[in-house]
Amino acid sequence: MRLSEYFLPTLKETPAEAQIVSHRLMLRAGMIRQASAGIYSWLPLGFLVLKKIERIVREEQDAAGCQEMLMPTIQPAELWRESGRYDDYGKEMLRIRDRHERDLLFGPTNEELITEIFRASVKSYRALPKLLYHIQWKFRDEVRPRFGVMRGREFLMKDSYSFDIDFESAKRSYNKMFIAYLRTFHRMGLKAIPMQAESGPIGGDMSHEFAILAETGETGVFCHRDLLGFEVPGDDLDYGSDLQPIVDKWTSLYAATDDKHDTAREPELGEALVKARGIEVGHIFYFGAKYSKPMGAFVTGPDGAEVAVEMGSYGIGVSRLVGAIIEASHDEAGIIWPEPVAPFAYGVINLKADDPTCTDVCEKFYRALGSDALYDDRDERAGVKFADMDLVGLPWQIVVGPRGVKNGTVELKSRKTGESEEMSIDSALNRVTG
RNA sequence: CGGGGCGUGGCGCAGCCUGGUAGCGCACCUGCUUUGGGAGCAGGGGGUCGGAGGUUCAAAUCCUCUCGCCCCGACCA
């Protein structure tokens, strides 16, 4: 993309309403624009990042055997009356009435709808297990939205739902999602800690919150040091195999958020205790027949008896992750994108746009890199270009200036380390396209 | 939902207390000079001061109501 043509409204100054760093940087880097409290438009750059994150989430869900679908944002109130949540959910649920005076709502989550879909067509245990997910906008009318996209009212969430015939099978589904989450966050360059969370109505330990470590995170994380070094299952993972040992390993050590932290356990952890800040980016839980029973999602078991299906749900805050990644990866100058989620891998900086030689070299890189590059071809001063490129935070900057070009060289600079390497044009081309 | 704060060109702010018809920096447009880390000079465009009532000869400024946004606390992907 040529910056001269790109819609990238960067700001030198920070809008007054933005308090935390990710919000400030997202506004300054021209990623988002607030439409209303907790509701944002995603501008081209922000949207690219959102899509990259979404893709990683999707790939990992698919790999775990979860099937993608799409449910609507607007749901009928009737289903929520069946589960009893229409009254329980309170003011956080945005209620809507259509022209026929029918009660509708903007979905804050989809347990009811998916359960309805399931019950309508699945009648036998033979069709189980099933894992379904969608990535859709949610609306929760938070009393106090804040922190930009980190706690918006409208947000993009990946929510998966599992259906199993019994607890043992439900546990297998749970484990698949547990591991898919580890892999998902890992691929985004994040260190996510699974922490035991409030157990659902069924009890047990089948609920985990995934928090990523970030200095500016809002929740305190207390965990065993070794948890940070645990290896995340690689691409060779077979989801059909027994995943329990992996989950057992990851849940064997102490990990809690501040509100669940037990200070009495600190002495036994001793030196191994890590106190850090974190941001919740995922939450998985098993809730048995909580919805299937009242909503009549029954299947016939092998013995001919009807049983309510065992369910679980698994959420990832996709739009929140954009902010969370920035919280975890930035400096004074701006964002530092981990490569897998970067809107562009390379920023080509033409330091002298009116110098034909510089421009020729830049065009060469731009042609070779295609959609991987954001090419600053603007007629601006070098300082402006460096500042904007640092702010936007692309992992690699290819700096093309008259000084180097005269000797046939360009600079390849890492946004993260700030290290710059001067090399010949050809070897630079080989490096970035290789 | 309780407590606090703020609404003045795209962004950051001053002016309000003590009413007299709107200003600064950045950004934008034109020209010249500049050109490896947010340039200089000159010229220029853009705001019915969140909205509605009221007081007054006169309201950004005082009064009333209202809408929006932000912060602190309780809740959440």
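In what follows, chains are A, B, ... by sequence order, proteins preceding strands, each numbered from 1. Nothing here was measured: the structure is a model prediction, and the numbers come from that model.
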_Just by distance, no angles: are the side chains of H134(A) and Y161(A) close enough, under 3.5 Å, to form a donor-acceptor pair?_
no

_P-based separation of G36(B) from C62(B) [nearest Å]_ = 50 Å

*Searching all strands shown, indicate the nucleotide that pairs with A27(B) (Watson-Crick or G-U wobble; both distances under 3.5 Å).*
none

*asked:* Exactly one of D103(A), D87(A), D88(A) should register a salt bridge (charged side-chain N to carboxylate O under 4.0 Å, His left out) with R81(A). Which one does?
replied: D103(A)

*What is the distance from atom OG of S207(A) to atom OH of Y174(A), rounded to the nearest 0.5 Å?*
5.5 Å

*Residue D379(A) excluded, over 12 heavy atoms near CG under 6.0 Å*: no

*D379(A) CG to G38(B) P, straight-line distance once rounded to whole Å*: 17 Å

*Which ones in residues 382-409 of chain A lie close to RNA chain B, meaning a heavy atom under 4.0 Å from one of its atoms?*
A382(A), G383(A), V384(A), F386(A), A387(A), D388(A), D390(A), V399(A), G401(A), P402(A), R403(A), G404(A)

*Checking ring pair (Phe, Tyr, Trp, His ring centres under 6.0 Å) against Y286(A), which of F178(A), F167(A), F163(A) comes through?*
F167(A)

*U61(B) and G7(B), which share atom name C1', separated by this distance in whole Å*: 15 Å

*Side chains of S83(A) and E111(A): do they bring a donor and an acceptor to under 3.5 Å?*
no

*With a 4.0 Å heavy-atom cut-off, tell me which residues in residues 12-20 of chain A come close to RNA chain B, sorted by residue number.*
K12(A), E13(A), T14(A), P15(A), A16(A), E17(A), Q19(A)

_Roughly how many Å apart are G46(B) and C26(B), using the C1' atom of each and rounding to a whole number?_
15 Å

_Of V322(A), V392(A), L50(A), L43(A), the residue whose pairing with M31(A) passes side chain to side chain contact (heavy atoms under 4.5 Å, CB included)_ = V322(A)

*How about Y6(A) and D376(A): does a side-chain donor come under 3.5 Å of a side-chain acceptor?*
no

*For nucleotides A39(B) and C76(B), find the distance between their P atoms and express it as a whole number of Å.*
48 Å

*Given the C1' atoms of C6(B) and A42(B), what is the spacing between them in whole Å?*
38 Å

*Could you note down all residue pairs passing side chain to side chain donor-acceptor pair (under 3.5 Å) where residues 394-407 of chain A supplies at least one of them, sequence neighbours left out?*
E339(A)-W396(A), D390(A)-Q397(A)

*What distance, rounded to whole Å, do you find between the two P atoms, one in C69(B) and one in C29(B)?*
32 Å

*Quick one: CE on M177(A) to SG on C66(A), what's the gap to the nearest 0.5 Å?*
4.0 Å

*Determine the contact category for K91(A): base if any of its heavy atoms lies under 4.0 Å from a base atom, sugar-phosphate if only primed atoms, P, OP1 or OP2 are that close, otherwise nothing.*
sugar-phosphate

*Apply salt bridge (charged side-chain N to carboxylate O under 4.0 Å, His left out) to the pair D235(A) and R183(A), showing each step before the final yes or no.*
CA-CA 9 Å; D235(A) 292 339; R183(A) 285 181 45 84; 3.0 Å; yes

*Could you give the distance separating G5(B) and G19(B) at their P atoms, to the nearest angstrom?*
24 Å

*Indicate for each nucleotide in nucleotides 72-77 of chain B, in 5' to 3' sequence, whether protein heavy atoms under 4.0 Å reach the base (B), only the sugar-phosphate (S), or nothing (-).*
BBBBBB

*Answer with yes or no whether E380(A) presents, from its side chain, a donor or acceptor under 3.5 Å of a partner atom in the base of G37(B).*
no

*asked:* A side-chain contact here means heavy atoms from C-beta on lying under 4.5 Å apart; do M26(A) and W42(A) qualify?
replied: yes

_Less than 4.0 angstrom between a side-chain N/O of R381(A) and OP1 or OP2 of G38(B), yes or no?_
no

_Residue list, side-chain hydrogen bond (donor to acceptor under 3.5 Å, both in side chains) with Y375(A), at least two apart or on another chain_ = N350(A)

*In whole angstrom, give the distance that lies between atom CZ of R24(A) and atom C1' of G12(B).*
14 Å

_Distance check needed: G38(B) C1' versus R378(A) CZ, whole Å only._
10 Å

*Base-pairing assignment for G68(B) (Watson-Crick or G-U wobble, both under 3.5 Å)*: C6(B)

_Nucleic acid contacts - residues 28-49 of chain A versus RNA chain B, non-hydrogen atoms under 4.0 Å_ = R28(A), Q34(A), S36(A), A37(A)

*Provide the Watson-Crick or G-U wobble partner of U18(B), both distances under 3.5 Å; none if there is no partner.*
none

_I need the CD-P distance between E422(A) and G36(B), as an integer number of Å._
16 Å

*Aromatic ring proximity, centroids under 6.0 angstrom, Y291(A) and F118(A)*: no

*asked:* Rounded to whole Å, how long is the line connecting atom NZ of K352(A) with atom C1' of A39(B)?
replied: 14 Å

*asked:* Using whole Å, what does the distance between atom P of nucleotide G9(B) and atom CG of L11(A) come to?
replied: 15 Å

_Partner lookup for C32(B), please. Criteria are Watson-Crick or G-U wobble with both distances under 3.5 angstrom; report none if nothing qualifies._
G40(B)

*Taking NE2 from H23(A) and P from C11(B), how many angstroms apart are they, rounded to a whole number?*
13 Å

*When rounded to the nearest 0.5 angstrom, what is the spacing between CG in D226(A) and CG in L253(A)?*
6.0 Å

*Taking the same atom, C1', in G4(B) and in C24(B), what whole-Å distance lies between them?*
29 Å

*Quick check, are the ring centers of W80(A) and Y89(A) under 6.0 angstrom apart?*
yes

*asked:* Using Watson-Crick or G-U wobble geometry with both distances under 3.5 Å, which nucleotide pairs with C1(B)?
replied: G73(B)

